[in-house]
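Let me begin by presenting the structure, written as structure tokens, before commenting on it.
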Amino acid sequence: MTPLLQLRDIHAAYDEIEVLHGIDLTIAPGEVVAALGPNGAGKTTLMRVISGELEPTRGDLLVGGRRMNGAAASDLARAGLCTIPEGRGVFPNLTVRENLWMMTHRGMSRSAIEEAAYSYFPRLEDRRTQTAGTMSGGEQQMLAVARAVSTRPSLLLLDELSMGLAPLVVNELLTAVGKLADTGVAILIVEQFAEAVLKFADHAVIISHGRVTASGTSALIREELRNAYLGTA
Ligand code: ATP
């Protein structure tokens, strides 16, 4: 099976200063991968490389088997990539339904988009006429994920999905993400060290100082993190 995302020896820099020093990462269809690491490790830079905002200085970015180094964000979107940035990207002055309706340019009807969104997040149906900006942070994040679903992505990037949210809400979001993966979507979740994400991810990598310092099943990475916290690693 062709991986939906493959990074081979990715290097990236701001001006002359290199901050990613050779990242390798592969995500298959239907797989959820977590990229974890402390502040300043290079996670956001990695997301920017994958979403076409920052061209790698070395290495290969492959989406669906095609080399996409330097491709425009619009070409990456056409290849099936959808990014939910940190800070969510919903329109606060529009209602839930209006936020969803904006996605009809992708070819789905308003009612089909709403139906898909509410099947993942029933709570959004109750809120459909509410202005997005007046909802809780968790509900806004649900709306952002629901909007992404309507683009029928093959590869979804989630940046700091759980930031500032209560554990129960994070679980609800991750459950929906898992359902999405079950339909064959490949998902990369970038987070600081978030135990909750490991419960839902198949595979995880730890990024530190611009390098992958550990890679394995979520169970293995959880163990490594515990040992590191306990100072026994
Ligand atoms: P955080 O969780 O704080 O967002 P991160 O793991 O996402 O951290 P990055 O934001 O990718 O890390 O930062 C990696 C390194 O690149 C850091 O040393 C940071 O200071 C530097 N950096 C990030 N953005 C820029 C920029 N626009 N110009 C110059 N250096 C930058």
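None of these values were measured; they are calculated from a predicted model.
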Inset, instruction - Please step through side chain to side chain contact (heavy atoms under 4.5 Å, CB included) for the pair Ile187 and Leu180, ending with a clear verdict. - result: CA-CA 9 Å; Ile187 297 170; Leu180 195 57; 4.2 Å; yes
Legend entry - Asp15/Ile17 under side chain to side chain contact (heavy atoms under 4.5 Å, CB included): CA gap, chis, key distance, verdict: CA-CA 6 Å; Asp15 299 318; Ile17 302 171; 5.7 Å; no
Inset, instruction - Decide side chain to side chain contact (heavy atoms under 4.5 Å, CB included) for Leu94 and Met102; before the verdict, give the C-alpha distance in whole Å, the side-chain angles of both, and the deciding distance to 0.1 Å. - result: CA-CA 10 Å; Leu94 300 182; Met102 288 185 72; 3.5 Å; yes
Legend entry - Intermediate values then yes/no, salt bridge (charged side-chain N to carboxylate O under 4.0 Å, His left out), Asp24 and Arg8: CA-CA 5 Å; Asp24 292 293; Arg8 286 195 215 128; over 6 Å; no
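Contact check for Val63 versus Leu4: no side-chain heavy atoms found under the 4.5 Å cut-off. Considering only heavy atoms from C-beta on, His209 stays 4.5 Å or farther from His21 through its side chain. Using a 4.5 Å heavy-atom cutoff, the side chains of Leu81 and Leu5 are not in contact. Put simply, the side chain of Glu55 does not reach to within 4.5 Å of the side chain of Leu61, judged on heavy atoms. The shortest distance between side-chain heavy atoms of Met135 and Met142 does not fall below 4.5 Å. Residues Val145 and Tyr120 form no side-chain contact, since every pair of their non-hydrogen atoms from C-beta on lies 4.5 Å or further apart. Residues Leu156 and Leu188 form no side-chain contact, since every pair of their non-hydrogen atoms from C-beta on lies 4.5 Å or further apart. When side chains are defined from C-beta on, Thr26 does not count as touching Glu31, because their heavy atoms never get closer than 4.5 Å.
For the atom pair CG of Leu76 and OG of Ser51, the computed distance is 7.5 Å after rounding to the nearest 0.5 Å. In this structure, Leu124 CG and Leu100 CG are separated by 7.0 Å, a value rounded to the nearest 0.5 Å. Ser162 OG to Leu173 CG: the interatomic distance, rounded to the nearest 0.5 Å, is 9.0 Å. In this structure, the separation between CZ on Phe91 and CZ on Arg147 is 5.5 Å, given to the nearest 0.5 Å. The structure places CZ of Phe200 at 4.0 Å from OG1 of Thr175, a figure rounded to the nearest 0.5 Å. Atoms OH and CZ, from Tyr118 and Arg97 in turn, are 6.0 Å apart once rounded to the nearest 0.5 Å.
Note: the hydrophobic cluster containing Leu143 does not contain Trp101 (ILVMFWY, side chain heavy atoms under 4.5 Å, direct or indirect links). One hydrophobic cluster, built from ILVMFWY side chains closer than 4.5 Å, cannot hold both Leu62 and Val205; they sit in different ones. Both Ile10 and Met68 sit in one connected hydrophobic cluster of ILVMFWY residues. Membership requires side-chain heavy atoms under 4.5 Å apart, directly or through other members. When hydrophobic clusters are built by joining Ile, Leu, Val, Met, Phe, Trp and Tyr residues whose side-chain heavy atoms come closer than 4.5 Å, directly or via intermediates, Ile189 is not grouped with Leu168.
Between the side chain of Glu191 and the backbone N or O of Leu161, at least one donor-acceptor pair lies under 3.5 Å. Side-chain atoms of Asp75 do not come within 3.5 Å of backbone N or O of Ala71 as any donor-acceptor pair. For the pair Asn69 (side chain) and Gly59 (backbone), a donor-acceptor distance under 3.5 Å is present. Judged purely by atom type and a 3.5 angstrom limit, Gln6 has no side-chain atom pairing as donor or acceptor with the backbone of Pro3. Side chain of Thr131 to main chain of Thr134: no donor-acceptor pair is present (N/O by atom type, distance under 3.5 Å, no hydrogens or angles). Arg222 contributes no side-chain N or O that, together with a main-chain N or O of Ala219, makes up a donor-acceptor pair within less than 3.5 Å. The main-chain N or O of Ser136 is found under 3.5 Å from a side-chain atom of Glu139 such that the two form a donor-acceptor pair.
The minimum heavy-atom distance linking Ala196 with Leu174 is given by the pair O-CD1, 3.7 Å. For Leu220 against Ser215, the heavy-atom pair with the smallest separation is CD2-O, 4.0 Å. Across all non-hydrogen atoms, the minimal contact from Leu165 to Gly137 is CD2-C, 3.5 Å. When every heavy atom of Asn99 is checked against every heavy atom of Ala132, the shortest pair comes out as ND2-CB, 3.6 Å. Scanning all heavy atoms of the two residues, the minimum distance from Lys43 to Pro38 falls at NZ-O, 2.9 Å. In terms of heavy atoms, Ala148 sits closest to Ile84 at CB-CD1, 3.8 Å.
Using a cut-off of 4.0 Å between Lys/Arg side-chain N and Asp/Glu carboxylate O, Arg226 and Glu195 are scored as salt-bridged.
Under the side chain to side chain contact (heavy atoms under 4.5 Å, CB included) test applied with Leu36, the options Ile207, Val190, Leu198 reduce to a single match, Leu198.
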